[in-house]
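Beneath this line is the structure, given in structure tokens, with notes to follow.
Sequence positions, counted from 1, serve as the residue numbers for this chain.
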Amino acid sequence: MAAQRGYEVVQEYTDRISGAKARRPGLDQMMADARRGKFDVVLIWASDRLARSVRHFLEVLDELNRLNIEFVSFREQIDSGGPLGRAIVVIIGAIAELERNLIIERARAGMRRARLEGTHIGRNPLAVDREAIYRDRCHGQSLRQIAKGHRISTATVQRVLRKHPTPIDVPNLQKTA
């Protein structure tokens with residue numbers, strides 16, 4: 001493949017890890033060598049060997065473009081060195097952005113529909129025994145002890161005590177006669 005195009009092979013980069021992973025030893029080494037300027041062209045059998053997600057693929061292509069390194073995919077006949085190849089990369093990027101925006105819009109529409117149907121969105125409210133928390137605080141337990149005893153965070157304990165102060169939290173103001 002490289003000989004057909006008149007390229008000299010500097011190094012082959014391979015991975016035994018799934019292409020779905022963004023961090024792979026072979027890809028990481030290739031990008032490090034690209035940053036060092038060890039080659040001018042990345043020749044790949046198929047673009048799905050480089051990345052499984054469009055986003056990751058575009059990130060790699062964008063970095064290669066910034067480093068002035070051509071990207072050539074044999075199977076898809078993409079060559080970013082020519083004007084048609086650069087146009088295809090731009091089109092792929094535009095489609096990826098459209099896809100991302102459609103996913104966001106569908107998620108928002110689904111949440112709106114669920115709200116209209118009365119479905120609770122988000123985490124369920126935390127069931128807390130407020131009286132027991134007040135009682136424990138009145139008995140002199142620390143916030144951390146209360147949180148551990150009720151299996152909640154200290155922030156939740158503070159929020160409960162702040163919303164409804166107990167006599168221990170509010171100074172007793174009596175008129176002295």
Full working for side chain to side chain contact (heavy atoms under 4.5 Å, CB included) between F39 and M30: CA-CA 10 Å; F39 50 82; M30 183 192 78; 3.9 Å; yes
Should E131 and D129 count as side-chain neighbours, where that means a heavy-atom distance under 4.5 Å? yes
Sorted by chain and residue number, the side chain to side chain contact (heavy atoms under 4.5 Å, CB included) partners of R36 (sequence neighbours excluded) come out as Q29, A32, D33, K38
Where do R113 and E117 land on the salt bridge (charged side-chain N to carboxylate O under 4.0 Å, His left out) test, with the steps shown first? CA-CA 6 Å; R113 189 189 78 238; E117 292 173 357; 3.6 Å; yes
With a 4.5 Å heavy-atom cut-off, do R35 and E63 have their side chains touching? yes
I'd like to know whether E105 forms a salt bridge (charged side-chain N to carboxylate O under 4.0 Å, His left out) with R112, so could you lay out the CA-CA distance, the side-chain angles of the two residues, the decisive distance to 0.1 Å, and finally the verdict. CA-CA 11 Å; E105 188 57 37; R112 269 194 307 270; 3.5 Å; yes
Do any side-chain atoms of residues 67-74 form donor-acceptor pairs under 3.5 angstrom with protein atoms, and if so which ones, sequence neighbours left out?
unit_1	atom_1	unit_2	atom_2	d
S73	OG	S47	N	3.4
S73	OG	E76	OE1	2.2

Is any side-chain heavy atom of H120 closer than 4.5 Å to a side-chain heavy atom of N124? yes
Check whether any side-chain heavy atom of D136 lies under 4.5 Å from a side-chain heavy atom of Q145, and answer yes or no. no
Mark yes or no for whether R159, through its side chain, and K163, through its backbone, hold a donor-acceptor pair below 3.5 Å. no
Could you please spell out the steps behind the side chain to side chain contact (heavy atoms under 4.5 Å, CB included) verdict for L64 and E59? CA-CA 9 Å; L64 291 174; E59 286 173 358; over 6 Å; no
Does V157 reach the side chain of R144, with side-chain heavy atoms less than 4.5 Å apart? no
Are Y134 and L126 co-members of a hydrophobic cluster defined by side-chain heavy atoms under 4.5 Å apart? yes
With rounding to the nearest 0.5 Å, note down the distance linking CZ in R24 to OG1 in T14. 10.5 Å
Is any NZ, NE, NH1 or NH2 atom of the basic residue among R66 and D62 found under 4.0 Å from an Asp or Glu carboxylate oxygen of the other? yes
Answer yes or no: are there more than 12 heavy-atom neighbours, outside R108 itself, under 6.0 Å from its atom CZ? no
Test your reading of the model: is there a side-chain donor-acceptor pair from Y13 to the backbone of M31, 3.5 Å cut-off? no
Please examine the side chains of S153 and Q158, heavy atoms only from C-beta on, and report whether any two atoms are closer than 4.5 Å. no
So which heavy atom on A132 is nearest to which on H150, and how close? CB-CE1, 3.5 Å
Side chain to side chain, I133 and I152, heavy atoms closer than 4.5 Å: yes
